[in-house]
Amino acid sequence: MIEAAAATPVLSRFRRIVVKVGSALLVDAEASAVRRVWLDGLVDDMARHAARGADILVVSSGAIALGRSVLGLGQGALKLEESQAAAAVGQIALSRAWAESFGRHGLTTGQVLVTLGDTEERRRYLNARETIGKLLELKAVPIINENDTVATSEIRYGDNDRLAARVATMTSADCLVLLSDIDGLYSAPPALDPKAVHLPLVPQVTPEIEAMAGGAASILSRGGMRTKIDAAKIATAAGTHMVITSGSRPTPLSAIEVGERCTWFLTPATPLGSRKRWIGGSLEPRGRLHLDAGAEKALLAGRSLLPAGVTQVEGSFSRGDAVMVVAPDGRVLGRGLVAYDWDDAERIRGHRTKDIEAILGYRGRDEMIHRDDLVLDHPGS
């Protein structure tokens, strides 16, 4: 049996929280409508954390479940084009429900529809990350869902567990909350084994833990514990703690905080630390940026690399690729993810940030490489 030797995380200490909400919790199957009282209770919980300064992101299912009712499609299996049509109609109702509930607290919401490719293809990944990042910067709550209206393969609700984990890693969230129809992970499916033991803490996702995953249990949601364990592997590998808890409670985040039953999956890392290890050790550099003495000094002091400090551009790279950063004497200082394609980088090198728009014809990022995307071989030396 897995021993819980680590300390239980405290939800109120996290600075960026992703909350995943499934269709079965959000949508009343009999009434074919949003469960507004439950939704308002959950949003009350999230607004409380937003008020203390935490960033809140929501990954929400429910569009197809709502849309199929409006279109009179019934509860049976849908054809692909029927699912797409239901998603197109239901997404409007879903977004309205979230906007109205958060609006009671004076909070603005923004809809972000993504696909698997948006979280895995480098350029699209960066675009999605920057959009979500700007919403958070502007104090809006991103409401994220899979873009089911343009899906070209079977639409699966359960994928939102993994999508939520990818969103958490994309945005460097330090906590992912999966609201479920079960209050955590058990040693065996409790509906099948009365001797199943609840696990409050999982220090590491091992083969033993993976073997405990059960199947799906809901008409509206095809995801089961299997997808949640997969989500835990993705999240914890990137430095994000994850918790599974019952979403059937009126205020599920408050329930976690007062010690109601749940399962925490722990990570030994931090999101930024894991990201920097990935940049430093997993990406093949596609080019080089040579720096002047002022830029070298700025980087060693923990600042970002600005175009003005770049004296030479080598290689053929795209925005989001890894490049080496080179000191004036030829020493490699480290590597980072560049914010411009090589030709645009060449055009703006040596120029001030305020000149970028005039040179390129569009307003790009101020930094050639942001400090969060930069790993130095000998920081502070």
Side-chain angles (χ1 to χ4, degrees), residues 18-40 42-43 57-103 108-121 124-125 127-128 131-132 135 140-167 170 178-181 215-224 226-227 231 247:
V18 176
V19 180
K20 182 264 179 177
V21 181
S23 297
L25 292 171
L26 186 61
V27 178
D28 184 327
E30 293 185 3
S32 298
V34 172
R35 298 172 59 212
R36 295 304 298 259
V37 174
W38 177 87
L39 175 60
D40 286 346
L42 171 61
V43 170
L57 302 90
V58 177
V59 175
S60 174
S61 302
I64 296 177
L66 290 171
R68 68 188 299 160
S69 173
V70 174
L71 296 174
L73 294 174
Q75 295 299 320
L78 298 179
K79 298 177 181 179
L80 174 59
E81 60 271 21
E82 291 175 330
S83 293
Q84 292 171 324
V89 171
Q91 194 62 51
I92 297 174
L94 183 66
S95 297
R96 184 188 302 119
W98 283 109
E100 290 174 352
S101 193
F102 272 106
T108 300
T109 59
Q111 181 189 77
V112 181
L113 298 178
V114 299
T115 64
L116 180 63
D118 293 323
T119 61
E120 296 190 354
E121 184 180 308
R124 291 159 65 186
Y125 170 96
N127 288 336
T131 298
I132 294 171
L135 285 171
V141 178
I143 308 298
I144 303 159
N145 194 6
E146 189 168 6
N147 194 355
D148 294 335
T149 60
V150 297
T152 55
S153 59
E154 182 185 14
I155 297 172
R156 297 188 302 130
Y157 296 163
D159 245 6
N160 265 13
D161 289 326
R162 286 180 287 257
L163 174 60
R166 289 194 288 268
V167 167
M170 176 195 301
L178 297 186
L179 299 183
S180 177
D181 54 3
S218 167
I219 295 175
L220 288 181
S221 176
R222 298 182 193 172
R226 174 73 265 164
T227 65

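Residues take their numbers from the sequence shown, with the count starting at 1.
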>> Let me confirm one number: the CD-CG distance from Q111 to L135, rounded to the nearest 0.5 Å.
In response: 11.0 Å
>> When you compare the side chain of L57 with that of I132, does any pair of heavy atoms fall below 4.5 Å?
In response: yes
> What's the spacing between R162 CZ and E146 CD if we round to 0.5 Å?
Replying inline: 10.0 Å
> Are E82 and R68 close enough for a salt bridge, meaning some N to O gap below 4.0 Å?
Replying inline: no
> Is any side-chain heavy atom of L179 closer than 4.5 Å to a side-chain heavy atom of L42?
Replying inline: yes
> Within the side chain of R166, is there an N or O that forms a donor-acceptor pair under 3.5 Å with the backbone of D161?
Replying inline: no
>> Quick check: do L39 and V34 have side-chain heavy atoms less than 4.5 Å from each other?
In response: yes
> Which atom pair, heavy atoms only, marks the closest approach of K20 to N160?
Replying inline: CG-O, 3.7 Å
> Rounded to the nearest 0.5 Å, what separation is found between the CG atom of L78 and the CD atom of Q84?
Replying inline: 11.0 Å
>> What I'd like to find out is whether the side chain of V58 reaches to under 4.5 Å of the side chain of V141, using heavy atoms alone.
In response: yes
>> Does V19 form a side chain to side chain contact (heavy atoms under 4.5 Å, CB included) with V59? I'd like the steps, not just the answer.
In response: CA-CA 6 Å; V19 180; V59 175; over 6 Å; no
>> I'd like to know if the side chain of S61 reaches the main chain of G22, judged simply by a donor and an acceptor atom lying under 3.5 Å from each other, with no hydrogens or angles considered.
In response: no
> Please walk me through it: do S60 and N145 pass side chain to side chain donor-acceptor pair (under 3.5 Å)?
Replying inline: CA-CA 5 Å; S60 174; N145 194 6; 5.9 Å; no
> Would a distance-only check, ignoring hydrogens and angles, find a side-chain to backbone donor-acceptor pair under 3.5 Å from W38 to G247?
Replying inline: yes
> What's the shortest heavy-atom distance between A63 and L94, and which atoms?
Replying inline: N-CD2, 3.8 Å
>> As an exercise, state the distance from CG of L71 to CD1 of I64, rounded to the nearest 0.5 Å.
In response: 11.5 Å
> How long is the span from the OG1 atom in T109 to the CH2 atom in W98, to the nearest 0.5 Å?
Replying inline: 10.0 Å
> Say you draw a straight line from OG1 of T227 to CG of L178; how long is it, rounded to the nearest 0.5 Å?
Replying inline: 8.0 Å
> Any donor and acceptor pair, going by atom type alone, linking the side chain of S101 with main-chain N or O of A97 inside 3.5 Å?
Replying inline: no
>> Would you say that V114 contacts N147 through its side chain, given a criterion of any heavy-atom pair below 4.5 Å between the two side chains?
In response: no
